[in-house]
Amino acid sequence: MTKLVFASNNAHKLEEIRSILGDKYEIMSLKDIGCDADIPETADTFRGNALQKAQYIKEHFGMDCFADDSGLQVECLGNLPGVFSARFAAKYAAEFGINPDTLGEAKDERNMNCLLSRLNAIGAFDGNNLPKACFCTSIALVMNGEEHFFDGTVEGHLVADKRGDGGFGYDPIFVPEGYDKTFAELGNEVKNGISHRARAVAKLAAFLIKN
Ligand code: IMP
């Protein structure tokens with residue numbers, strides 16, 4: 001069985017890819033290979049960050065590897081939060097003139113409140129059209145001395161009030177195209193059928209099964 005590292009310790013992501021690939025590849029997590037380093041993610045694109053992580057593993061552990069990076073892009077904010085999705089409030093609240101003490105406790109909540117506050121400040125919810133956004137995932141694979149990329153996107157729009165209990169991150173304010181519920185209301189089964197991540201993983205899996 002071919003061994004391949006997935007530069008992640010996220011149990012859900014690991015299980016998803018292992019179940020798609022069956023017994024053709026042995027997918028190892030960062031923990032499995034004894035990597036507890038804080039791998040740098042300093043690029044300005046999703047592809048760049050994913051490649052940085054995969055190359056780090058190749059360089060330090062000598063193993064073929066794939067890695068992912070995801071985020072939300074909001075059109076009227078010049079595609080922010082983008083690569084800063086996981087740390088949007090920490091990076092941008094002060095720049096937007098938002099008092100960080102007003103954003104709540106948990107990281108996801110703080111990021112979402114920072115985004116909503118910015119969108120309200122620029123009047124993004126005032127017109128007839130809700131702000132356009134998309135979730136994006138890029139996966140970089142470093143295998144047999146070559147680099148390959150697999151991208152997945154889901155288009156949609158944002159709503160001004162959070163709705164639903166499922167999912168994580170920005171799910172309570174994102175409505176995918178063709179639906180009238182947020183990702184958090186739709187639940188994991190529907191989300192996993194159409195999500196940016198599922199689309200990128202499907203492309204990676206098709207490539208790995210063929211090669
Ligand atoms: P990661 O690269 O998959 O860890 O995602 C980085 C950040 O993007 C997360 O911390 C979330 O803020 C946001 N994000 C990525 N995917 C999703 C999603 O499916 N729903 C909501 N937020 C997401």
Side-chain angles (χ1 to χ4, degrees), residues 6-17 29-31 38-54 56-57 65-74 77 79-93 103-119 131-141 149-159 162-177 179 181-204:
F6 180 14
S8 175
N9 281 323
N10 180 308
H12 168 76
K13 291 184 185 177
L14 283 155
E15 189 201 304
E16 180 183 27
I17 193 76
S29 67
L30 290 175
K31 197 165 160 232
D38 194 8
I39 305 174
E41 288 182 61
T42 52
D44 55 9
T45 61
F46 299 121
R47 279 188 172 201
N49 276 336
L51 184 61
Q52 208 176 5
K53 286 189 271 186
Y56 181 98
I57 298 303
C65 178
F66 64 90
D68 70 337
D69 193 42
S70 307
L72 179 72
Q73 294 185 326
V74 183
L77 295 180
N79 286 339
L80 286 177
V83 291
F84 305 111
S85 292
R87 50 200 158 103
F88 188 53
K91 185 159 172 65
Y92 279 97
L103 294 175
E105 290 298 321
K107 203 169 79 165
D108 281 353
E109 186 193 4
R110 294 177 63 79
N111 286 332
M112 229 178 342
N113 286 339
C114 181
L115 179 59
L116 289 175
S117 171
R118 181 61 181 163
L119 289 170
K132 280 190 190 167
C134 68
F135 274 120
C136 307
T137 293
S138 290
I139 296 175
L141 169 69
F149 293 96
F150 308 92
D151 301 317
T153 299
V154 56
E155 306 278 347
H157 65 262
L158 300 181
V159 290
K162 297 169 206 154
R163 303 193 323 233
D165 305 317
F168 70 102
Y170 300 90
D171 281 347
I173 56 170
F174 180 82
V175 176
E177 215 166 72
Y179 295 79
K181 290 184 173 162
T182 66
F183 261 169
E185 289 175 305
L186 287 168
N188 277 342
E189 211 175 308
V190 176
K191 181 184 168 186
N192 291 342
I194 59 170
S195 81
H196 48 311
R197 191 169 298 101
R199 287 172 176 165
V201 166
K203 288 182 191 172
L204 168 75

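For ligands, and for the atoms within them, numbers begin at 1 and follow the listed sequence.
Taking each of Phe183, Phe168, Tyr170, Phe84 in turn, the one with a heavy atom nearest to atom 17 (C) of ligand 1 proves to be Phe168.
For the pair Asp151 (side chain) and Ala200 (backbone), a donor-acceptor distance under 3.5 Å is absent. Judged by distance alone, with hydrogens and angles left aside, the side-chain atoms of Ser29 form no donor-acceptor pair with the main-chain N or O of Asn9 at under 3.5 Å. When atom types are taken as modelled, the side chain of Asp171 and the backbone of Phe183 share no donor-acceptor pair closer than 3.5 angstrom.
Here side-chain hydrogen bond (donor to acceptor under 3.5 Å, both in side chains) pairs that include residues 195-204, with residues two or more places apart or in two chains, number zero.
Nearest to atom 20 (N) of ligand 1 among the protein's heavy atoms is Asp171 OD1, 2.7 Å. When hydrogens are left out, the protein atom nearest atom 10 (O) of ligand 1 is Ala86 CB, 3.5 Å; that is the closest non-hydrogen contact. With respect to atom 4 (O) of ligand 1, the closest heavy atom belonging to the protein is Lys13 NZ, 3.9 Å.
Polar contact with ligand 1: present for Arg197 (N/O pair, distance under 3.5 Å). In terms of polar-atom proximity, defined here as any N/O pair under 3.5 Å, Ser70 does make such a contact with ligand 1.
Heavy-atom contacts of Asp69 reach the following atoms of ligand 1: 2 (O) (cutoff under 4.0 Å). Residue-ligand proximity, Gly169 to ligand 1, at heavy-atom distances under 4.0 Å covers atoms 21 (C), 22 (N). Ligand-side atoms of ligand 1 in range of Gly71: 8 (O), range being under 4.0 angstrom from any heavy atom. Residue Lys191 approaches ligand 1 through these ligand atoms, each under 4.0 Å from one of its heavy atoms: 18 (C), 19 (O), 20 (N). Against a heavy-atom cut-off of under 4.0 Å, Ser85 is close to the following atoms of ligand 1: 7 (C), 8 (O), 12 (O), 13 (C).
When every heavy atom of Pro176 is checked against every heavy atom of Val154, the shortest pair comes out as CB-CG2, 4.1 Å. Minimum interatomic distance between Pro172 and Met112 (heavy atoms only, all atoms of both residues): CD-SD, 3.8 Å.
Using a 4.5 Å heavy-atom cutoff, the side chains of Asn192 and His12 are in contact.
A salt bridge does not link Lys132 to Glu155: none of the charged side-chain nitrogens sits closer than 4.0 Å to a carboxylate oxygen.
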